[in-house]
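Presented below is the structure to which this report refers.
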There are 2 protein chains.
Amino acid sequence: MANISESIEQFIIATMGDNDYVEISRNSLAEYFSCAPSQINYVLDTRFTVDRGYVKESRRGGGGFIKISKIKNTDTNAYLNGLILESVGDELSAKRMLQILDKLVSDNIVTDKESVIIVTALSDDSLSMPFTIKDKIRAKAFKNILLKLMVKE
Amino acid sequence: MANISESIEQFIIATMGDNDYVEISRNSLAEYFSCAPSQINYVLDTRFTVDRGYVKESRRGGGGFIKISKIKNTDTNAYLNGLILESVGDELSAKRMLQILDKLVSDNIVTDKESVIIVTALSDDSLSMPFTIKDKIRAKAFKNILLKLMVKE
DNA sequence: TGTATTTTGACCATCTTTGACTAATGGTTA
DNA sequence: TAACCATTAGTCAAAGATGGTCAAAATACA
């Protein structure tokens with residue numbers, strides 16, 4: 001194991017074990033490995049990415065933490081992941097989003113009400129901004145939602 | 001639960017239990033948690049806010065107290081209407097939205113998952129745009145959602 | 001040798017904790 | 001009753017405790 005980053009990665013994976021998440025303290029970990037705290041971010045950014053099936057949350061200040069969660073390998077998640085990679089892309093029209101949501105509803109992945117909420121939140125009316133960026137924002141937001149759905153279940 | 005503030009919050013919530021109010025003595029509580037009395041105010045100011053559905057009264061001097069009461073919503077539509085027309089306004093920070101959603105969840109107006117969806121859809125990350133308009137867009141979108149949450153009769 | 005990856009550090013953002021100073025209230029005393 | 005005192009709570013700003021970002025420097029790799 002030639003570099004520290006790899007050791008840190010292994011350490012985090014080992015700590016997580018079979019659990020589906022782990023909470024770390026950035027500073028403690030950095031101290032443990034005698035490295036700069038920002039190196040922890042480097043490891044997280046390069047190794048614990050969405051592509052590799054991880055999502056992260058964190059809080060600053062006293063009692064702060066970084067929580068790393070594993071995205072479970074279910075059929076639903078595989079499907080959602082496919083959507084993120086292929087169907088959505090960098091831009092997403094309201095119409096296209098509606099089509100996708102209809103399918104998600106009929107597959108019982110989201111409820112009717114949840115669908116309404118998403119449609120409303122990301123409608124053209126809600127996103128009152130120039131057209132050029134509307135579809136970009138919607139794509140980004142919608143993908144974030146799909147991602148959350150993967151962790152939530 | 002690494003920080004004292006969170007413990008204090010939990011303690012107050014637990015003490016309140018199913019009652020709709022609780023009275024505390026700032027100094028006693030501070031002593032109990034071995035913290036500065038003003039930290040009690042900090043907890044009250046950051047956690048027991050109106051947005052989250054609490055109001056506070058207090059009196060100084062001998063026999064002084066702090067009373068924390070839950071706001072009960074008898075009429076969901078009226079509450080939502082108040083949010084839309086008065087409370088939310090033209091700009092809404094992610095933080096404040098979260099507090100409002102906390103209350104909506106505890107009032108069973110939205111589910112946990114729905115709350116997560118809304119938070120995600122309208123997070124700073126999803127709304128990747130200049131800060132100045134972020135809060136405006138969020139306010140608009142959030143009010144649109146609240147409107148949809150109103151039950152028709 | 002040139003490129004990609006890793007390591008470091010300076011500076012930033014956010015949340016918590018502490019303490020000095022202030023304000024209000026009720027009882028006690030002159 | 002007025003002045004005073006003890007007992008509370010309130011405010012606010014500084015200090016402390018975390019994590020985030022970014023780019024330069026160092027190192028590894030092809």
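Below, read A as the first sequence line, B as the second, and so on, with proteins coming before strands; counting in each chain starts at 1.
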**Study point:** Distance, rounded to the nearest Å, where A:Asn3 contributes CG and C:dT6 contributes C1'
**Key:** 7 Å
Review point. Is any NZ, NE, NH1 or NH2 atom of the basic residue among A:Glu114 and A:Lys148 found under 4.0 Å from an Asp or Glu carboxylate oxygen of the other?
Key: no
Review point. What integer distance in Å separates A:Ile24:CD1 from D:dT18:C1'?
Key: 12 Å
**Study point:** Annotated protein contacts, base or backbone, on nucleotides 25-30 of chain D with a non-hydrogen cut-off under 4.0 Å, one of B, S, - each
**Key:** ------
Practice item. Pick base, sugar-phosphate or nothing for A:Phe65, based on heavy-atom distances below 4.0 Å to the nucleic acid. Key: sugar-phosphate
**Study point:** Polar side-chain atom of B:Asn3 near backbone of B:Glu6 as donor-acceptor pair, under 3.5 Å
**Key:** yes
Check your understanding: Taking only N and O in the side chain of B:Arg47, is any of them less than 4.0 Å away from OP1 or OP2 of C:dT16?
Key -> yes
**Study point:** Rounded interatomic separation in angstrom, taking CD from A:Glu9 and C1' from C:dT5
**Key:** 14 Å
**Study point:** Flag if over 12 foreign heavy atoms under 6.0 Å of CD, A:Gln99
**Key:** yes
Practice item. Any chance you could list the contact pattern along nucleotides 19-30 of chain C? Use B for base contacts, S for sugar-phosphate-only contacts and - for none, protein heavy atoms under 4.0 Å, 5' to 3'. Key: B---BBBS----
Practice item. Consider only side-chain heavy atoms of I, L, V, M, F, W and Y, link residues closer than 4.5 Å, and tell whether B:Phe65 and B:Ile40 are in one cluster. Key: no
Check your understanding: Would one find more than 12 heavy atoms of other residues, nucleotides or ligands at under 6.0 Å from atom CG of A:Asn73?
Key -> no
**Study point:** For atom CG of B:Leu44 and atom P of C:dT16, their distance in whole Å
**Key:** 14 Å
Review point. D:dT18 P sits how many Å from A:Lys67 NZ, rounded?
Key: 19 Å
Review point. Reckon B:Ile40 touches a base, only the sugar-phosphate, or nothing at all at heavy-atom distances under 4.0 Å?
Key: nothing
**Study point:** Among A:Val55, A:Thr15, A:Val22, A:Asp20, the one residue meeting side chain to side chain contact (heavy atoms under 4.5 Å, CB included) with A:Ile68
**Key:** A:Val22
**Study point:** Whole angstrom value for the distance that separates P of D:dT11 from CG of B:Asp45
**Key:** 7 Å
Review point. Would you say the side-chain atoms of A:Thr49 pair up with the backbone N or O of A:Arg52, donor to acceptor, closer than 3.5 Å?
Key: yes
Practice item. Using the side-chain contact (heavy atoms from CB on, under 4.5 Å) rule, take B:Phe48 and B:Ile13 through it: C-alpha gap first, then chi angles, then the decisive distance, then the call. Key: CA-CA 10 Å; B:Phe48 294 87; B:Ile13 289 174; 3.9 Å; yes
Practice item. For B:Tyr42 and D:dA17, give me the distance from atom OH to atom P, rounded to whole Å. Key: 15 Å
Review point. Within the structure shown, what part of the strands sits under 4.0 Å from B:Lys56 by heavy-atom distance: base, sugar-phosphate, or nothing?
Key: nothing
Exercise for review: Starting at CG of A:Leu44, measure out to CD of A:Gln39 and round the result to the nearest 0.5 Å.
Suggested key: 11.0 Å
Check your understanding: Separation of B:Ile4 atom CD1 from C:dT18 atom C1', in whole Å?
Key -> 10 Å
Point to revise | Phosphate OP1/OP2 of D:dT7 contacted by B:Asn27 side-chain N/O (<4.0 Å) | key: no
